[in-house]
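Working notes, beginning with the structure itself.
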Number of protein chains: 2
Amino acid sequence: MGFQETFKALSDDVRREILLMLRNGKKSAGEIASCFDMTNATVSYHLSILKKAGLITEEKEKNYIFYKLNTSVFEDVMMWFTQFKDGKKSE
Amino acid sequence: MGFQETFKALSDDVRREILLMLRNGKKSAGEIASCFDMTNATVSYHLSILKKAGLITEEKEKNYIFYKLNTSVFEDVMMWFTQFKDGKKSE
DNA sequence: AATCTATTTAGAAAATTTTCTAAATAGATT
DNA sequence: AATCTATTTAGAAAATTTTCTAAATAGATT
C-alpha cells in the first residue's frame, strides 16, 4: 500500500481517466482499453498500476476481467489531505 | 495548472514530506534542504516542481527564499476526489 | 482437442524523472 | 568593490516510467 504507490498511480492522465470511467460500475479490460488510443497491452499495464495501488480491484468472469473502484483507498487519500486543513499552530 | 502537474508533484515522497513540513509556517530553502539527505540543488529541483504545480509559493526576503503552502490548490485536489463520493447511478 | 477471444506478460526502445557536480546569480556584509 | 551566503540553473548520468510488438495464458466455443 503506501501513499507513494497511490499518488504515483494517480499521477497519470490515462489512469485518472480510467478511474473516472469506473465511477458508475465495473468495466472489462477491453471496454476500458477501447476508450484509449493505445494498445490493450499498454492499458493493461495501467490497470496493473492502479490495482497495485489498491485503487481498483479485479473480478474474473468468463474470459473477461472486470475492474471496479475500491473506494476505501480513495478515502485514505482524502484523509491524507485533511492534514492540510487547519491543525496548524499559528506560525 | 492542471491535475497532471499537481498529482505528479504529489507523487514523490520527498515532495510530500516538504509539504507536511510547511504545514506550520514558511521555511527557507536551506531549512527545508537540511532535513534531507540530498544536495541543496536537488531539493531546489523538488521545490520548483511543487511551485510549478501551485502547491507552494515563494517569497524572497534578504538572500533567503521562503516557501509556504498554497492551500487553495489543495482544495482543488480535494474537490477532484469528491467525484468519487457517490454521484454514481447504481450498478 | 482445435480454435477463438480476452487479456496479460516479457522484453526492448523511447521518454521522463531524479540526482549529482559545477557554475551562475543575487543580495548582504566587510 | 571584494567577498560571503543562500539559492538556483545547466548539463550529464542513472533510474524509472511509458509504450510498443510479439508471445503466453486461460477460459469458451466449435
Side-chain angles (χ1 to χ4, degrees), chain A residues 1-22 25-70 73 77, chain B residues 1-22 25-70 73 77:
Chain A
M1 246 109 275
F3 285 115
Q4 175 74 340
E5 223 168 7
T6 312
F7 279 109
K8 272 236 159 80
L10 287 166
S11 76
D12 181 272
D13 280 335
V14 171
R15 292 193 291 260
R16 285 199 312 288
E17 191 61 44
I18 291 172
L19 293 173
L20 288 170
M21 195 172 287
L22 292 174
K26 65 189 177 187
K27 281 193 161 37
S28 70
E31 283 180 275
I32 296 167
S34 70
C35 300
F36 296 99
D37 190 21
M38 27 174 65
T39 65
N40 283 25
T42 297
V43 174
S44 183
Y45 158 77
H46 285 299
L47 289 167
S48 78
I49 300 284
L50 288 168
K51 192 170 54 176
K52 259 186 262 177
L55 289 160
I56 60 174
T57 56
E58 71 178 30
E59 194 180 300
K60 293 176 190 185
E61 192 180 319
K62 294 185 61 180
N63 50 350
Y64 294 88
I65 301 180
F66 286 94
Y67 287 95
K68 67 174 177 196
L69 293 184
N70 177 22
V73 173
V77 180
Chain B
M1 245 108 276
F3 285 114
Q4 176 73 341
E5 225 167 6
T6 311
F7 278 110
K8 273 237 158 80
L10 287 166
S11 77
D12 180 273
D13 280 335
V14 171
R15 293 194 291 260
R16 285 199 312 288
E17 192 61 44
I18 292 172
L19 293 173
L20 288 169
M21 195 173 288
L22 292 174
K26 65 189 177 188
K27 280 194 162 41
S28 71
E31 284 181 274
I32 296 167
S34 70
C35 301
F36 296 99
D37 191 21
M38 27 174 64
T39 66
N40 285 22
T42 298
V43 175
S44 183
Y45 158 77
H46 285 299
L47 289 167
S48 77
I49 300 285
L50 288 168
K51 193 170 53 175
K52 259 186 265 177
L55 289 160
I56 60 175
T57 56
E58 71 178 29
E59 194 179 300
K60 293 177 192 185
E61 192 181 319
K62 294 186 61 178
N63 49 350
Y64 295 88
I65 301 179
F66 287 93
Y67 287 96
K68 67 175 178 195
L69 293 183
N70 177 22
V73 173
V77 179

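Letters A, B, ... are given to chains in the order of the sequence lines, protein chains preceding strands, and every chain is numbered from 1. A quick note: this is a predicted structure, and the numbers were derived from the prediction, not measured.
- What separates CZ of B/Phe7 from C1' of C/dT16 is a distance of 20 Å, to the nearest Å.
- Contacts of A/Thr39 classified as side chain to side chain contact (heavy atoms under 4.5 Å, CB included), with partners at least two apart in sequence or in another chain: A/Ala41, A/Thr42.
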Where do N or O atoms of nucleotides 25-30 of chain C meet protein N or O atoms at under 3.5 Å, pair by pair?
none

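- A/Lys52 has its NZ atom 9 Å from the P atom of D/dT17, to the nearest Å.
- B/Arg16 pairs by the salt bridge (charged side-chain N to carboxylate O under 4.0 Å, His left out) definition with B/Asp13, not counting sequence neighbours.
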Worksheet item: Can you list the steps and then say if B/Lys8 with B/Ile49 is a side-chain contact (heavy atoms from CB on, under 4.5 Å)?
Response: CA-CA 9 Å; B/Lys8 273 237 158 80; B/Ile49 300 285; over 6 Å; no
Worksheet, complete the sentence: Readout for nucleotides 18-24 of chain C: B = base within 4.0 Å of protein heavy atom, S = sugar-phosphate only, - = neither; 5' to 3' it is BBBBB--
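- Looking at heavy-atom distances under 4.0 Å, B/Phe66 makes no contact with the nucleic acid at all.
- When the shell of 6.0 Å around NZ of A/Lys68 is examined, it contains 12 or fewer heavy atoms from other residues, nucleotides or ligands.
- Regarding B/Glu31, its CD atom lies at a distance of 8 Å from the P atom of D/dT7, rounded to whole Å.
- Partners of B/Asn40 under the side chain to side chain contact (heavy atoms under 4.5 Å, CB included) rule, at least two apart in sequence or in another chain, are B/Ala33.
- Remark: P of C/dT7 and CD of A/Glu59 are 13 Å apart, rounded to the nearest angstrom.
- To the nearest angstrom, P of D/dT17 lies 10 Å from CD of A/Glu5.
- B/Phe36 comes within contact range of no nucleotide atom at all, as no heavy-atom separation falls under 4.0 Å.
- The line from NE2 of A/His46 to CG of A/Asp12 is 5.0 Å long, rounded to the nearest 0.5 Å.
- When every heavy atom of B/Gln4 is checked against every heavy atom of A/Ser11, the shortest pair comes out as OE1-O, 3.2 Å.
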Worksheet item: Where each pair must be Watson-Crick or G-U wobble with both distances under 3.5 Å, what dot-bracket representation of DNA chain C is obtained, with crossing pairs in [ ] and other-strand partners as |?
Response: ||||||||||||||||||||||||||||||
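- Residues satisfying the side-chain hydrogen bond (donor to acceptor under 3.5 Å, both in side chains) criterion with A/Asn63, sequence neighbours excluded, are absent altogether.
- The closest side-chain heavy-atom distance from B/Val77 to B/Phe7 is below 4.5 Å.
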Please list every donor-acceptor pair under 3.5 Å in which a side-chain atom of residues 55-62 of chain B meets a protein atom from a residue at least two apart or in another chain.
| residue | atom | partner | partner atom | Å |
| --- | --- | --- | --- | --- |
| B/Glu58 | OE1 | B/Lys51 | NZ | 2.8 |
| B/Glu58 | OE1 | B/Tyr67 | OH | 3.3 |
| B/Glu59 | OE2 | B/Lys26 | NZ | 3.1 |

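- Residue pairs meeting the salt bridge (Lys or Arg N to Asp or Glu O under 4.0 Å) criterion with at least one partner in residues 30-41 of chain A, sequence neighbours excluded, are absent.
- Backbone-only contact: A/Ser28 has heavy atoms under 4.0 Å from sugar-phosphate atoms and none from a base.
- Regarding A/Glu58, its CD atom lies at a distance of 7 Å from the P atom of C/dT8, rounded to whole Å.
- Note: NZ (B/Lys51) to P (D/dT9) measures 6 Å, nearest angstrom.
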